[in-house]
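It should be emphasised that the depicted structure is a prediction, and the values quoted were computed from it without experimental measurement.
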Amino acid sequence: MTGVVGGHAVPVLAVAGGTASGKSTLAEALARHHPETVGLVHLDDFYVPAHDPGRGVRTLSATGAETLDWNHPGSIDEDAVATAIDAAATGGRHRLVVVEGLFALTLRAVAERATWRVYVDTPDDIRLARKILRKIEVFGQDPGVSLRNYLLSGRERHAEYVAPARDRADLVLDGTTSEAGLLSAVAHLVGDVLGLGVEGLGAEPRHVGLGAEAPHASHASHAQPLAV
């Protein structure tokens, strides 16, 4: 499939995974290495306004306050996502559009436009540690709130809305590998579209994720998936 739902033929790469799995690292690396040919759509940019109680899915945070449920696909403006993907794919500038986010393989607007579906799979404890460190080092926030929200609803939401997407992926990548390794692995999908081989993507061929020479979707069973 080549993104025909929006009436265009520019291929779309959908990249999903849990919070802090490495999906943004992969997507941004592709765009950084190929700024003239890769268009990037972050699903995080399409949450409905948090202050509008009439839109999205609401939940109670660990502080007791009602808030937008950031871990629910119903809090994303799916129509706006579809418009953004179609605009990026029909503007005549890009040879590849990359859509990344928690729900990149869950939202119909993305899935039906995707040429390739990638899931970045990272152990739950590593994802949790990455997010907590980011909260502390980047935002200077109390990690206790994140941990309580994780126990309250984040873990459950991940299990329901994100983890199942792994089985719908064309390619499952190991999120603990290096950025170069992620690029090398995905080059097997998009290298021809960009007119470049593995080396042209700035990757190291020996790192291909999940220990495979040419990684493919893996459906190995896991322990109960967690969210962050």
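Between Val98 and Val15 there is a side-chain heavy-atom pair separated by less than 4.5 Å. Counting heavy atoms from C-beta outward, Thr19 and Arg134 have side chains that approach closer than 4.5 Å. In this structure the side chain of Lys23 never reaches within 4.5 angstrom of the side chain of Glu28, judged on heavy atoms. Using a 4.5 Å cut-off on side-chain heavy atoms (C-beta onward), Val190 and Asp192 make no contact. Taking 4.5 Å as the limit, every side-chain heavy atom of Val10 sits out of range of all side-chain heavy atoms of Thr90. Contact annotation: the side chain of Arg117 never approaches that of Leu171 to less than 4.5 Å [non-hydrogen atoms, C-beta and beyond]. Between Leu13 and Val118, the closest side-chain pair of non-hydrogen atoms falls below 4.5 Å. Between Asp121 and Leu173, every side-chain heavy-atom pair lies at or beyond the 4.5 Å cut-off.
Every residue was checked against the side chain to side chain donor-acceptor pair (under 3.5 Å) condition with Asn149, not counting sequence neighbours, and none meets it. The side chain to side chain donor-acceptor pair (under 3.5 Å) search around Gln141 returns Lys135, not counting sequence neighbours. In terms of the side-chain contact (heavy atoms from CB on, under 4.5 Å) criterion, residue partners of Ile126 (sequence neighbours excluded) are, by chain and number, Thr122, Pro123, Arg130, Thr176. The side-chain contact (heavy atoms from CB on, under 4.5 Å) check on Ala14 picks up Ala104, Leu105, Val110, Ala114, with sequence neighbours excluded. Judged as a side chain to side chain donor-acceptor pair (under 3.5 Å), and not counting sequence neighbours, the contacts of Ser61 are Thr63. Applying the salt bridge (Lys or Arg N to Asp or Glu O under 4.0 Å) rule to Arg32 yields the partners Glu179; only residues at least two apart in sequence or on another chain are considered. Every salt bridge (Lys or Arg N to Asp or Glu O under 4.0 Å) that Glu66 has, sequence neighbours left out, goes to Arg58. Considering only residues two or more places apart in sequence or on other chains, Arg55 meets the salt bridge (Lys or Arg N to Asp or Glu O under 4.0 Å) condition with Asp77. Residues passing the side chain to side chain donor-acceptor pair (under 3.5 Å) test with Arg108, sequence neighbours excluded: Glu112.
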| said: Evaluate Tyr161 against Asn71 for side chain to side chain contact (heavy atoms under 4.5 Å, CB included), listing each step before the verdict. | reply: CA-CA 8 Å; Tyr161 297 114; Asn71 294 308; over 6 Å; no
task = Please test Leu151 against Arg148 for side chain to side chain contact (heavy atoms under 4.5 Å, CB included), starting from the C-alpha separation and ending with a verdict.
result = CA-CA 5 Å; Leu151 294 172; Arg148 287 191 290 273; 5.8 Å; no
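Put simply, the side chain of Arg95 gets close to the backbone of Val193: a donor and an acceptor are under 3.5 Å apart. Without hydrogens or angle criteria, Ser75 side chain to Val57 main chain gives a donor-acceptor distance under 3.5 Å. Side chain of Thr83 to main chain of Asp79: a donor-acceptor pair is present (N/O by atom type, distance under 3.5 Å, no hydrogens or angles). Side chain of Thr115 to backbone of Val12: a donor-acceptor contact under 3.5 angstrom is found. The main-chain N or O of Gly181 is never found under 3.5 Å from a side-chain atom of Ser184 such that the two would form a donor-acceptor pair.
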Compile the donor-acceptor pairs under 3.5 Å between side chains in residues 38-53 and protein atoms, sequence neighbours left out, one pair per line.
residue: His42; atom: ND1; partner: Glu100; partner atom: OE2; Å: 2.5
residue: Tyr47; atom: OH; partner: Trp70; partner atom: O; Å: 2.6
residue: Asp52; atom: OD1; partner: Gly54; partner atom: N; Å: 2.9

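A distance of 11.0 Å separates OG1 in Thr106 from NE2 in His72, rounded to the nearest 0.5 Å. Here Leu182 contributes atom CG and Leu26 contributes atom CG; the two are 5.5 Å apart, rounded to the nearest 0.5 Å. Arg157 CZ to Phe103 CZ: the interatomic distance, rounded to the nearest 0.5 Å, is 9.0 Å. Considering OG1 of Thr25 and CG of Leu30, their distance stands at 11.0 Å, rounded to 0.5 Å. Taken from NZ in Lys131 to OG in Ser21, the straight-line distance is 12.0 Å, to the nearest 0.5 Å. Atom CD of Glu78 is separated from atom CG of Leu107 by 4.5 Å, given to the nearest 0.5 angstrom.
Using a 4.5 Å cut-off between side-chain heavy atoms of Ile, Leu, Val, Met, Phe, Trp and Tyr, with links allowed through other members, Val145 and Leu147 fall into different hydrophobic clusters. Taking hydrophobic clusters as Ile, Leu, Val, Met, Phe, Trp and Tyr residues chained together by side-chain heavy-atom distances below 4.5 Å, Leu128 does not share a cluster with Leu152.
Side-chain contacts under 4.5 Å among hydrophobic residues (ILVMFWY), followed directly or transitively, place Val138 together with Phe139.
For the pair Arg113 and Asp86, the salt-bridge criterion is met [side-chain N within less than 4.0 Å of a carboxylate O].
Contacts classified as ring-ring contact (aromatic ring centres under 6.0 Å, His included) and involving residues 77-96 (residues at least two apart or in different chains) are not found.
Of all heavy-atom pairs between Tyr119 and Gly18, the closest is OH-N, 4.2 Å.
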